[in-house]
2 protein chains.
Amino acid sequence: MSQQRQGSTPATTGAVPAFPDLPEATIARLPEYLRALHNLAETGSETVSSEGLAAAAGVNSAKLRKDLSHLGSYGTRGVGYDVALLIDQIEYILGLDQRRAVALVGVGNLGHALAGYDGFASRGFRIVALFDADAEQVGKPLNGLTVRHIDELGQAVVEEGITIGVIATPAGAAQAVADDLVAAGVTSILNFAPCVLSVPAGVDVRKVDLAIELQILSFHEHRKASLTAIPGGRSPEAGNQEAVGS
Amino acid sequence: MSQQRQGSTPATTGAVPAFPDLPEATIARLPEYLRALHNLAETGSETVSSEGLAAAAGVNSAKLRKDLSHLGSYGTRGVGYDVALLIDQIEYILGLDQRRAVALVGVGNLGHALAGYDGFASRGFRIVALFDADAEQVGKPLNGLTVRHIDELGQAVVEEGITIGVIATPAGAAQAVADDLVAAGVTSILNFAPCVLSVPAGVDVRKVDLAIELQILSFHEHRKASLTAIPGGRSPEAGNQEAVGS
DNA sequence: AGGCGCTTGTGAAGGCGTGCACAAATCGCG
DNA sequence: CGCGATTTGTGCACGCCTTCACAAGCGCCT
């Protein structure tokens, strides 16, 4: 039926209770709720209704209630959700209270930006090591750290307790870096390189491709334009095979 | 997703529908297929099977066939897909043959990286204007362009034919920038600021939040850690609930 | 204390997406 | 010319996710 966990609040014990297996879609929204909750907390709100939080997070209120119900009953009927309590709960579920150590590989154009992105530090992550394969980059200081050669990756992962690796290299180098990360013991990878990574089971990979997002928008632009215009015009160039008739 | 569509299905379809309304999930995968196809084209492949292309794109082959079937029959049974033809088709559907003009607002940490990201230019987009609200930034050259003040946005959108705007500002400024973009006539927005944007119907917004991806990975790390920490059996089926030993 | 209004939590229904399995179609070869 | 090997295109079933609608629960006010 439902997971009921009473007594073991995350603030009191560091023990690991049973893990509710949340739907993947819910997990992806929890960070959004968390951000909205932090905003609310800053404005002094102590409680918030599902309607209010849903609006702040840009989702449907029913969806939000169902999402939160998966982690337990942390709301009060007739009142709403306790902001501070919910923040603690979500941060605990996401494992953000551990301030995970992150390694960033590739300090090129994008890597520089990521190394300096304060959104990581402010939301529970510490970039503790920077790597690059280019000897020219190695040794340079960047945002309080020194760029190290990628050969030192295995050593650094152990020393710093790194569990997450971020790949910001060109596509051609990404697979090799991923292999190195996995070999070093990293079990989660965030990949910014435009390519498919092959990793063993048990390693999680998430991909962010900036150009893909633009291409999706481009499709919608194209669609919108074709609707406002007079339909009928088509053919990119090679329009031959028609599925109609015989 | 974070965009709303008002799907009006016109009953008046005289000829071949210029625009098949593809499932959203399919659209999101087309750019991935396109990238894989370009890689294949570079290696000299003229045709590719659904199995091969699916592997290169990191998806199931049945899914790929179904996706491609939505845009028409561009494969040959017993042979596979013509690489060049499929590239043309997908690029046409995505509207990439128009090399859309893109405006980038916010040339801070992330904005710098985006302005220099060559993945945009190589995949059908032209960043034609850079904007910032900070007077200190205005006038500086960046990647062949000059940073302009955001007040000139409306003018530039018209002059350059900009249809897509990219927001790389702090969260506090994002909504105002979005309003400016919409007012200037932009109908698609890619938002890197960690906040919810409110836009009128007909405007598409896609959001990329770098920290959210890390938080999702963090959850899986947390989950994996809690599973390995349980002594005894680690069978996923046997583990039901309330294994909290006290 | 009791009723009333408000909000959560959830059962149920519908829609969407995925993956299997197979018929249809095409090419190469004897 | 026909047959077999190969691969596409798709009907179908299943599972996940979303959304609606409402009962259950909580606090406040009289």
Side-chain angles (χ1 to χ4, degrees), chain A residues 1-6 20-30 32-33 37 40 45-83 85-86 89-90 216 240-246, chain B residues 1-7 9 20-30 32-33 37 40 45-83 85-86 89-90 216 237:
Chain A
M1 198 177 286
S2 63
Q3 320 69 350
Q4 47 207 7
R5 305 191 287 114
Q6 75 281 10
D21 51 341
L22 310 175
E24 196 62 31
T26 295
I27 297 163
R29 283 187 294 265
L30 287 182
E32 201 71 49
Y33 302 155
L37 283 166
L40 286 168
S45 305
E46 298 212 346
T47 63
V48 62
S49 70
S50 66
E51 200 80 37
L53 182 54
V59 301
N60 183 295
S61 69
K63 194 189 306 191
L64 178 128
R65 285 200 300 276
K66 183 146 289 190
D67 282 342
L68 294 188
S69 78
H70 284 125
L71 14 136
S73 278
Y74 293 108
T76 306
R77 300 181 190 224
V79 177
Y81 297 92
D82 184 294
V83 172
L85 175 61
L86 204 48
Q89 273 303 317
I90 296 179
I216 295 173
N240 41 10
Q241 303 169 339
E242 219 42 90
V244 191
S246 67
Chain B
M1 299 311 165
S2 56
Q3 50 260 11
Q4 59 269 353
R5 309 180 47 187
Q6 60 280 2
T9 335
D21 52 342
L22 311 173
E24 196 64 30
T26 295
I27 298 163
R29 282 187 293 264
L30 287 183
E32 201 72 48
Y33 301 155
L37 283 166
L40 286 167
S45 306
E46 298 212 346
T47 62
V48 64
S49 69
S50 66
E51 201 79 37
L53 182 53
V59 301
N60 183 295
S61 69
K63 194 188 307 191
L64 179 128
R65 287 199 300 276
K66 184 151 291 188
D67 282 342
L68 294 187
S69 77
H70 284 126
L71 17 134
S73 278
Y74 293 107
T76 305
R77 299 179 190 225
V79 177
Y81 297 93
D82 183 294
V83 172
L85 174 61
L86 204 48
Q89 275 303 318
I90 294 179
I216 295 172
E237 296 178 353

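Protein chains get the first letters and strands the later ones, always in sequence-line order, with residue 1 at the start of each. Source: prediction; values computed, not measured.
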| request: Any chance you could measure A:T26, atom OG1, to A:L71, atom CG, to the nearest 0.5 Å? | output: 8.5 Å
Are [X] and [N] close enough that a side-chain N or O sits under 4.0 Å from OP1 or OP2?
X	N	answer
A:Y81	C:dG9	yes
B:R65	C:dT18	no
A:S50	C:dT8	yes

| remark: In B:L22, B:L30, B:D21, the residue satisfying side-chain contact (heavy atoms from CB on, under 4.5 Å) with B:H70 is B:L22
Between [N] atom [atom2] and [X] atom [atom1], what is the distance in whole Å?
X	N	atom1	atom2	answer
A:H70	D:dC16	NE2	P	11 Å
B:Y74	C:dT26	OH	P	16 Å
A:I27	D:dC16	CD1	P	13 Å
A:K63	D:dC16	NZ	C1'	13 Å
B:D67	C:dG19	CG	C1'	12 Å
A:R29	D:dC16	CZ	P	15 Å
B:L22	C:dC16	CG	C1'	15 Å
B:E24	C:dT18	CD	C1'	17 Å

| task | Determine whether A:R29 and A:V59 make a side-chain contact, defined as any pair of heavy atoms from C-beta on separated by less than 4.5 Å. | result | yes
| task | Measure the shortest side-chain to side-chain distance between A:T76 and A:T47 over non-hydrogen atoms and say whether it is less than 4.5 angstrom. | result | no
To the side chain of [X], which of [options] is closest?
X	options	value
A:R77	D:dA23, C:dC20, D:dT8	D:dA23
A:P23	C:dG17, D:dC17, D:dT18	D:dC17
B:N60	D:dT19, C:dC20, D:dG9	C:dC20
A:A25	C:dA21, D:dC17, D:dG27	D:dC17

| said: Here's a test of your reading of the structure: between A:K66 and A:T76, which maps to the more 5' nucleotide of DNA chain C? | reply: A:T76
| task | Identify, between A:G78 and B:L68, the residue whose nearest nucleotide on DNA chain D lies closer to the 5' end. | result | B:L68
| When all nucleic acid strands are considered with a 4.0 Å heavy-atom cut-off, which category describes B:E51: base, sugar-phosphate, or nothing? | nothing
| task | Report the C-alpha distance between A:Y74 and A:L68 in whole Å, list the side-chain angles of each, state the deciding distance to 0.1 Å, and finish with yes or no for side-chain contact (heavy atoms from CB on, under 4.5 Å). | result | CA-CA 8 Å; A:Y74 293 108; A:L68 294 188; over 6 Å; no
